[in-house]
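The structure appears below as structure tokens.
A note on names: the letters A, B, ... follow the listed sequences, proteins ahead of strands, and every chain is numbered from 1.
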Amino acid sequence: MFKPVAPDVAFPRLEEEILAWWHANRVVERSLAGGERPFVFYEGPPTANGRPGLHHVISRTFKDVILRYRAMQGHRIIGRREGWDTHGLPVEIEIEKKLGFNGKPDIEKFGIAEFNRLCRESVWEYIQEWKTFTRRIAYWVDENGYYTYDNKYIESLWWIFRQLWDRGLLFRDYKVTMHCPRCGTSLSDHEVSLGARDDVDDPSVYIKFRVTGESAPGCASPLAADLQGAFLLAWTTTPWTLPANVALAVQHGATYVEAHAGGERYVLAEALVAPVLGEGASIARRFKGNDLVGLRYEPLFTGVPAPGDTPDLETAYRVVADEIVTLDDGTGIVHIAPAYGDLEVGRKHGLPTLFSVDLNGMVMPGLGDLPFIGKFFKEADPDITRNLKQRGLLLKSGRVRHYYPFCWRCGTPLLYYAKRSWYIKTTAFKDDLVANNQQIHWVPEHIRDGRFGNWLENNIDWAISRERYWGTPLPIWINADGSHMECIGSLAELEAKVGRSLRDLDLHRPYVDEITWEDPQHGLMRRIPDVADCWYDSGSMPVAQWHYPFENQDLFEAAHPADYICEAVDQTRGWFYTLHAISTLLFDRPAFNNVICLGHILDEHGIKMSKSKGNVIQPEEVIDAYGVDALRWYLFAAAPPGNARRFSLGLVNESLRKFLLTLWNTYSFFVTYATLDGWRPSDEVLRAAANGSVSFPTPELRDALTPTDRWALAALNALVRDVTRNFEDYEVYPAARAIEQFVDELSNWYVRRNRRRFWKSEADADKQAAYFTLYTSLLTLTRLIAPFTPFVAEEVYRNLTGQTSGAPAGDVPDSVHLARWPTVNADLLDEQLVADTEALLAAVSLGRAARKNAGLKVRQPLSELWLRASSPAVTEGVRRFEADLRDELNVKAVRYLDASSDIVEYRFRPNLRLVGKKYGRLVPALTEALKALAGEPARAVAHAVEQGQPVRLAVNGQELELLPEEVLVESSAPAGYAVAEGDGLIVALNTTVTPELRLEGAARDLVRNVQDARKSAGLAIADRITLYVSSESEGALLQETLAGWGEYVRNETLATQLVVASPPAGAYVETVEFGDAEATIGVVKT
RNA sequence: GGGCGUAUAGCUCAGCCGGUUAGAGCGCGAUCCUGAUAAGAUCGAGGUCGGUGGUUCGAGUCCACCUACGCCCA
């Protein structure tokens, strides 16, 4: 029935074999096709750029474990397919590097068509690697996935744009970007960080802005008249931005002063008077920053342009209050130039955006005949400073060393530059975003109102456009003077515009850019050059993966929102957000109902793994050493997934040994003996264990179960219940821990206690019960672990169902992954039995400790053990397993002590959890009073508590009546016994070794040594032997021992003959300790 | 600078509504047990529970502040 099991299994190789079997038998396809009730999953598409790493193993296995569970629960899983995020800057940068390019001009020279072709090709290379990796880690998904570069996918994205456009949610506004004037391109944050330096030498100038004495419209400053002619002082390191100044910002609540120095009146923050004006300045008056708001001042320069815009200068050149102002340096008054970095401030206060430097970094004309017109912006700094000085508008100037970004390619200083950009107006839906988030079940919980909720609360409009090439083209067409724009929502619509079929059109640049049409009223319509932020691509996948609404309307409706998604925590502002935003804006509902948010994986020192640090561990390295299952189990069982975790190969090895090998050895033990005995399950037992719930096929079998059998089945059922509940809550970690605990107990308690039942020769009902119990436990376990460790589960399942040996019994699925999730058999749950076993295990542990203390090894039998428990219920529980207790601790008898016995001393403590709230300040005195009890009163109290009666006690002169549950009783040792105590239990051993006990101990020693010799001699378990024993100095002991225990020794060692003599030549011989000296044993196979 | 999270034994991590002597696994040392086991048991060494202050009869747990690290944002 069963294939023999190698105890020294090599998991990586086993896994490869199972992969081959799955492939040959189309198991993945069959699993994907199964199920009835829908369960919706969204695959967060990895960027198809770069090879998969350990963090991808985590996210893929956490996706997989839930989906496998759902599939086994009979769900039809929608969306269990690959998805690839194919667009974006990382792909472009890689191609640029490959071609040795130096920025956008190189790409345009090279040709966008060829460039994008290379991008697409590069993506495919990575996808191939990913597919291999995905199969190896047993992440089961349909390989017929979605690709964000697909024309159909893009068409759906266009449809979404059009929905937003029609509702006025797609708009154009300025956005500050980091711009390289030489390369003529914006840089990504990543690129900026590559070239930023913090030791840049720049001018440091203090500028005087003359107060006009007026206030801005609708915002009168009470100080306007008084401060007329005074100077607002501002500090800057970028004089070139001064012409574009439109406002000065102060801190709302800070104290500002009018200070007199050098015959002038200055306004600045009080805290900065000394550093800016020196000690000589006198303070004329104090006021709050708020009082300055609305104050107008004379612009430093006039005629500043605002290309493509007609700014309202009535709103400019005034004081505003803003949170960005600090009093750490400068003057407490901040110069605001929205075009060059302060755009958000400008927008918040309704300020115009003026430009004084163009995209090539040159100071623009329009400021009049000034020497710095047409100069590079950095070189204009001294000229501007000089000009202001000549006009008496400069307080002082110097140099400062600080942070400034440079282009990582060419080293040119970057411009903060407000460019026209497209936005999605998410801020209009902030309340809905927040409300819909409340419906989402986050694991861990704190993300919902913490990081994600916080991110939503601080929502800003989504800047959606990128001036790049390899991305989803924005479907917006514009006429020459920018007066007319149209958003195209489908290919058909575009065809109608141009009047021809575009079926073969690649919707990417540059081809889509060539599609233009003549509008009768507005002239030639051309597409704007921008492409979409690739987060828009992935966030739209619920719609676009099905090519909705052009196809699959039913599928889309059934698959929105998702029941489950899972990614790492950095996606709160990435995919989690864009999914949520698009779903809320389009459909006003969340995109997903449950989400596991994973922490990051760090190296063994707690440092992020990165190529530059050289601390990256490749998944292959781990998998080749220990296998995928070991890695997966480590990821599930080692720590809760929401935390960052430290990783090392050693930890995977630990998880392999701790869990997989323990399970494997239990399984190997079972198969070894079942094969020896020719045992096989009945079809009913097999079917139940392989595909149903735990049950008994016959009353006879049920009656034959021992308490330990029933315990194992009760624990197994409780495990099924708990793991199921954890899965329903998306709590993978506690589920894995519960399984680990059960496997440990099954191996180290159940099998340990019941070994003899398997190897005894009679095939009686008791033996059947043991086989039934272990078989059922193991086979049911394979289904519980199938989602976690799919390979080991499969191997064990297939062998235990007889399929590996080609002799399947019963009609069960050929793969554990096609079997149903086990259900609980409530009849077999038995909390009392589980609790009793816990007490028993505690008693055993204490008994061993007591033996250890007394220096009495377990092989030496002892006459009696005394046990006292904290309650009669616990005593009864242990009594139920007394035989196990006696056997495990090698004692002849167990005596149970209750409170009436006078050999025990008692100590008392209050049950603080109950007493604390009730008695408060009395607690310390109460504790003392209980401690003081001794002798007869103590015995009386102990007796009362045990009988469930209240206890009267004088505390601080008051008579208290303590309830029995409010007093904790501890017993101390009876004198003259080897004792151990803990957990409310006390275990004492009678340490007297009588001559009889000594002989029995000697016999057991002998057996043990013979067994060792048998093993060393290479004998098989069932081999019979002739046993020779002799001892010179302990001859008498040997004679006596064999006289009483010879039969026992022969039976235990399978000796057909026991000869007291020196072994003959050719025998396997060992000299062993015996009594107080040595004995010689010899083993000859018969 | 802001938000969120983390900080407990040499390492990886538990620790519930605040409650009694803070636990587990690994590693280390010693002893024991074992004819499934690469396993297991017992004992031991190893902890100012990141720091300071507060609330409380009582704080690893709650509060405030601080420090370090991670992530996200500015």
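For A:D570, the side-chain contact (heavy atoms from CB on, under 4.5 Å) criterion is met by A:A568, A:H600, not counting sequence neighbours. Residues meeting the ring pair (Phe, Tyr, Trp, His ring centres under 6.0 Å) test with A:Y775, sequence neighbours left out: A:F670, A:W679.
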Could you write nucleotides 25-32 of chain B as a row of B, S and -, 5' to 3', where a protein heavy atom under 4.0 Å of any base atom gives B, of only sugar-phosphate atoms gives S, and otherwise -? SSS---SS
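In this structure, CH2 in A:W664 is found 10.0 Å from CG in A:D629, a value given to the nearest 0.5 Å.
Ion pair A:E888/A:R753 flagged as a salt bridge, since at least one NZ, NE, NH1 or NH2 atom sits closer than 4.0 Å to an Asp/Glu carboxylate oxygen. Using a 4.0 Å cut-off between charged nitrogen and carboxylate oxygen, A:R725 and A:D729 do not count as a salt-bridge pair. Salt-bridge check for A:E745 with A:R752: failed, with every basic side-chain N at 4.0 Å or more from each acidic carboxylate O.
A:V9 comes within contact range of at least one nucleobase, with a heavy-atom separation under 4.0 Å. A:P444 comes within contact range of no nucleotide atom at all, as no heavy-atom separation falls under 4.0 Å.
Of the candidates B:C71, B:C13, B:C73, B:C73 carries the atom nearest the A:R573 side chain, counting heavy atoms from C-beta on. Set against B:A36, B:U42, B:C4, the side chain of A:R848 has B:U42 as its closest nucleotide. Of the listed nucleotides (B:A36, B:C71, B:C13), B:C13 has the atom at the smallest distance from the side chain of A:A639. In this structure, the nucleotide among B:G19, B:G3, B:A36 sitting nearest to the side chain of A:N454 is B:G3.
Distance A:E1052 CD to B:C33 C1': 15 Å, rounded to the nearest Å.
Aromatic ring centres of A:Y771 and A:F758 lie closer together than 6.0 Å. Less than 6.0 angstrom separates the ring centroid of A:W442 from the ring centroid of A:F576.
Each of A:D1005 and A:L922 lies near RNA chain B, and the nucleotide nearest A:D1005 is the one positioned closer to the 5' end. In terms of position on RNA chain B, the residue among A:D1012 and A:V569 whose nearest nucleotide sits closer to the 5' end is A:D1012.
Listed in residue order, the members of residues 748-758 of chain A having a heavy atom less than 4.0 Å from RNA chain B are A:N748, A:V751, A:R755. Of the residues in residues 629-637 of chain A, none lies under 4.0 Å from RNA chain B by heavy-atom distance.
Within the 3.5 Å criterion, the main-chain N or O of A:D722 finds a donor-acceptor partner in the side chain of A:N726.
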Using Watson-Crick and G-U wobble pairs with both distances under 3.5 Å, what is the 5'-to-3' dot-bracket string of RNA chain B, with [ ] for crossing pairs and | for pairs outside the strand? (((((((..((((.....[...)))).(((((.......))))).....(((((..]....)))))))))))).
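Dashed line: the shortest gap from a side-chain N or O of A:T666 to OP1 or OP2 of B:U37 is not under 4.0 Å. A:Y919 has no side-chain polar atom (N or O) that falls below the 4.0 Å cut-off from OP1 or OP2 of B:C57. Between B:C4 and A:N458, no contact under 4.0 Å exists linking OP1 or OP2 to a side-chain N or O.
Contact annotation: side chain of A:R921 to base of B:C57, donor-acceptor pair absent below 3.5 Å. The base of B:C33 lies outside donor-acceptor range of the side chain of A:R1008, with no N or O pair under 3.5 Å. For A:S747 against B:A36, a side-chain-to-base donor-acceptor contact under 3.5 Å is present.
Residues A:D461 and A:T427 have side chains that bring a donor and an acceptor to within less than 3.5 angstrom of each other.
Base orientation of B:C11: anti, since the glycosidic angle falls outside 90° of 0.
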